[in-house]
Amino acid sequence: MQIEKTALPEILILTPRRFEDARGFFAETWNKTRMAEAGLDVDFVQDNHSVSAHAGTLRGLHFQAPPHAQAKLVRCGRGRFLDVAVDIRAGSPRYGQWVAVELSAENGRQLLVPEGFAHGFVTREDDTEIVYKCSDFYDAASDGAIHWDSCGIDWGLSAEPILSEKDAVAPPLDAFSSPFAMKDIT
């Protein structure tokens with residue numbers, strides 16, 4: 001597996017090796033032992049699968065607050081999307097900074113987003129599938145969001161995105177009080 005750092009060093013791009021033949025390909029997308037050997041010791045407990053019917057669907061920026069904070073390993077099952085992570089750790093020298101990486105079924109890249117970062121994506125193709133692992137179970141009381149257009153992210157949109165009501169009314173970053181503190185994140 002290839003591991004690349006991004007402009008935010010906590011956010012990593014993991015690209016599994018693919019074994020291809022006339023039938024298609026096989027890739028091992030997560031191996032706890034191999035990841036621990038690379039210094040990535042994350043215990044994933046839940047897998048999620050999201051399908052967005054239309055290009056331009058934007059979901060995010062989402063997080064779960066402590067004590068149910070989640071790290072996520074995000075990949076594309078079908079189609080293509082721009083995946084985004086924003087540092088929301090109070091006291092972080094990179095607070096409010098973001099990285100964006102295109103994930104597609106074709107490129108096989110995955111984004112590892114640790115606790116303390118908000119996550120979102122916008123689809124580039126119809127019927128895009130997003131598959132991701134989480135390090136804690138969903139907890140409605142810990143669920144949070146930041147408004148998608150309040151962090152200066154270049155989403156690459158040519159029209160208004162398709163949003164949920166939750167995402168449309170989420171507070172902007174400058175009115176947000178983070179439940180994450182830099183000193184609490186390991």
Side-chain angles (χ1 to χ4, degrees), residues 1-64 69-89 94 97-136 146 148 151-158 161-162 167 185:
M1 177 158 317
Q2 180 182 346
I3 301 173
E4 300 170 65
K5 288 191 175 183
T6 66
L8 297 177
E10 299 87 352
I11 306 296
L12 300 174
I13 300 168
L14 308 180
T15 306
R17 183 173 171 205
R18 287 188 172 182
F19 300 90
E20 299 186 45
D21 61 23
R23 299 168 297 167
F25 74 86
F26 169 83
E28 184 177 83
T29 59
W30 178 256
N31 180 307
K32 186 173 178 64
T33 301
R34 286 196 179 113
M35 292 301 103
E37 289 169 356
L40 304 173
D41 192 16
V42 182
D43 187 19
F44 291 114
V45 299
Q46 178 177 312
D47 278 5
N48 297 331
H49 188 157
S50 168
V51 177
S52 294
H54 302 290
T57 298
L58 195 150
R59 299 178 191 246
L61 298 158
H62 301 154
F63 63 90
Q64 266 194 196
Q70 294 177 323
K72 296 177 181 176
L73 179 63
V74 186
R75 66 185 174 89
C76 184
R78 178 178 57 188
R80 186 169 60 97
F81 63 96
L82 184 71
D83 206 35
V84 176
V86 179
D87 188 341
I88 57 169
R89 301 169 298 168
R94 294 177 297 279
Q97 293 180 19
W98 54 273
V99 295
V101 177
E102 183 168 279
L103 304 182
S104 69
E106 185 177 303
N107 71 25
R109 299 169 103 189
Q110 303 177 104
L111 198 65
L112 183 61
V113 181
E115 296 174 9
F117 290 78
H119 173 255
F121 59 84
V122 63
T123 58
R124 299 287 192 231
E125 297 179 9
D126 291 348
D127 298 317
T128 293
E129 294 185 6
I130 296 87
V131 182
Y132 57 104
K133 297 182 166 309
C134 299
S135 64
D136 202 343
I146 299 166
W148 65 275
C151 301
I153 298 166
D154 179 2
W155 294 96
L157 293 165
S158 59
I162 301 166
D167 292 342
I185 305 298

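Because the structure is a prediction, the values reported are computed rather than measured. Any value given below was found using the heavy atoms of this structure, including those in side chains, with hydrogens, waters and symmetry copies removed. Counting begins at 1 with the first residue of the sequence.
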**Item:** side-chain contact (heavy atoms from CB on, under 4.5 Å) between Leu61 and Trp98, intermediate numbers included
**Value:** CA-CA 11 Å; Leu61 298 158; Trp98 54 273; over 6 Å; no
**Request:** Check each of Val131, Leu14, Val113, Asp47 against Leu73 using the side chain to side chain contact (heavy atoms under 4.5 Å, CB included) test, and report the only one that passes.
**Result:** Leu14
**Message:** Set out, in order, the CA-CA distance, both residues' side-chain angles and the distance that settles side-chain contact (heavy atoms from CB on, under 4.5 Å) for Ile153 and Val86, then state yes or no.
**Reply:** CA-CA 9 Å; Ile153 298 166; Val86 179; 3.8 Å; yes
**Request:** May I ask you to decide if Thr29's main-chain N or O and Gln110's side chain share a donor-acceptor pair within less than 3.5 Å?
**Result:** yes
Residues 119-126 side chain polar contacts: donor-acceptor under 3.5 Å, at least two apart:
from   : atom 1 : to     : atom 2 : distance (Å)
His119 : NE2    : Asp83  : OD1    : 2.6
His119 : NE2    : Asp83  : OD2    : 3.3
Thr123 : OG1    : His54  : O      : 2.8
Thr123 : OG1    : Gly56  : N      : 3.2
Thr123 : OG1    : Thr57  : N      : 3.1
Arg124 : NH1    : Trp155 : O      : 2.9
Arg124 : NH2    : Trp155 : O      : 2.7
Glu125 : OE2    : Arg80  : NE     : 3.2
Asp126 : OD1    : Ala55  : N      : 2.8

**Asked** Looking at Phe81 and Ile130, what are the two nearest heavy atoms and their distance?
**Response** CE2-CG1, 3.5 Å
**Item:** Over all atoms of both residues, closest heavy-atom pair of Val74 and Leu103
**Value:** O-CD1, 3.5 Å
**Item:** Whether Glu102 side chain and Leu82 backbone form a donor-acceptor pair below 3.5 Å
**Value:** no
**Message:** Is it the case that over 12 heavy atoms from other parts of the model lie below 6.0 angstrom from the CD atom of Glu28?
**Reply:** yes
**Request:** Over all heavy atoms of both residues, which pair between Trp148 and Leu58 is shortest? Give the atoms and the distance, please.
**Result:** CB-CD2, 3.5 Å
**Request:** Give, for atom CG of Leu40 and atom CE of Met1, the distance between the pair rounded to the nearest 0.5 Å.
**Result:** 9.5 Å
**Message:** According to salt bridge (charged side-chain N to carboxylate O under 4.0 Å, His left out), who are the partners of Asp41, at least two apart in sequence or on a separate chain?
**Reply:** Lys32
**Item:** Contacts of type side-chain hydrogen bond (donor to acceptor under 3.5 Å, both in side chains), residue Arg59, not counting sequence neighbours
**Value:** Ser52
**Item:** Contacts of Val42 that satisfy side-chain contact (heavy atoms from CB on, under 4.5 Å) - sequence neighbours left out
**Value:** Trp30, Phe44, Ala71, Ser135
**Request:** Hey, could you give me the NZ/CG distance between Lys133 and Leu112, rounded to the nearest 0.5 Å?
**Result:** 12.0 Å
**Distance-minimising heavy-atom pair for Ala105 and Gly77** = CB-O, 3.8 Å
**Message:** Please evaluate residues Arg109 and Glu4 with respect to the criterion salt bridge (charged side-chain N to carboxylate O under 4.0 Å, His left out), reporting the C-alpha separation (whole Å), side-chain torsions for both, the decisive distance (0.1 Å), and the verdict.
**Reply:** CA-CA 10 Å; Arg109 299 169 103 189; Glu4 300 170 65; 3.6 Å; yes
**Prompt:** What's the shortest heavy-atom distance between Leu8 and Ala85, and which atoms?
**Reply:** CD1-O, 4.2 Å
**Request:** Heavy atoms only: give me the nearest Arg18-Gly108 pair and the separation to one decimal.
**Result:** NH2-CA, 3.1 Å
**Item:** Step-by-step side-chain contact (heavy atoms from CB on, under 4.5 Å) determination, Val99 to Val84
**Value:** CA-CA 6 Å; Val99 295; Val84 176; over 6 Å; no
**Prompt:** What do the steps show when you test Thr128 against Cys76 for side-chain contact (heavy atoms from CB on, under 4.5 Å), and what is the final call?
**Reply:** CA-CA 8 Å; Thr128 293; Cys76 184; 4.2 Å; yes
**Prompt:** Does any N or O in the side chain of Thr6 come within less than 3.5 Å of the main-chain N or O of Ile11, such that one atom is a donor and the other an acceptor?
**Reply:** yes
**Item:** Partner set under salt bridge (charged side-chain N to carboxylate O under 4.0 Å, His left out) for Glu129, not counting sequence neighbours
**Value:** Arg78
**Message:** The criterion is side-chain hydrogen bond (donor to acceptor under 3.5 Å, both in side chains); which residues satisfy it with Arg94, sequence neighbours excluded?
**Reply:** Glu10
**Separation between CD of Glu115 and SG of Cys134, rounded to the nearest 0.5 Å** = 11.0 Å
**Asked** How far does CE of Met35 sit from CG of Leu12, to the nearest 0.5 angstrom?
**Response** 10.0 Å
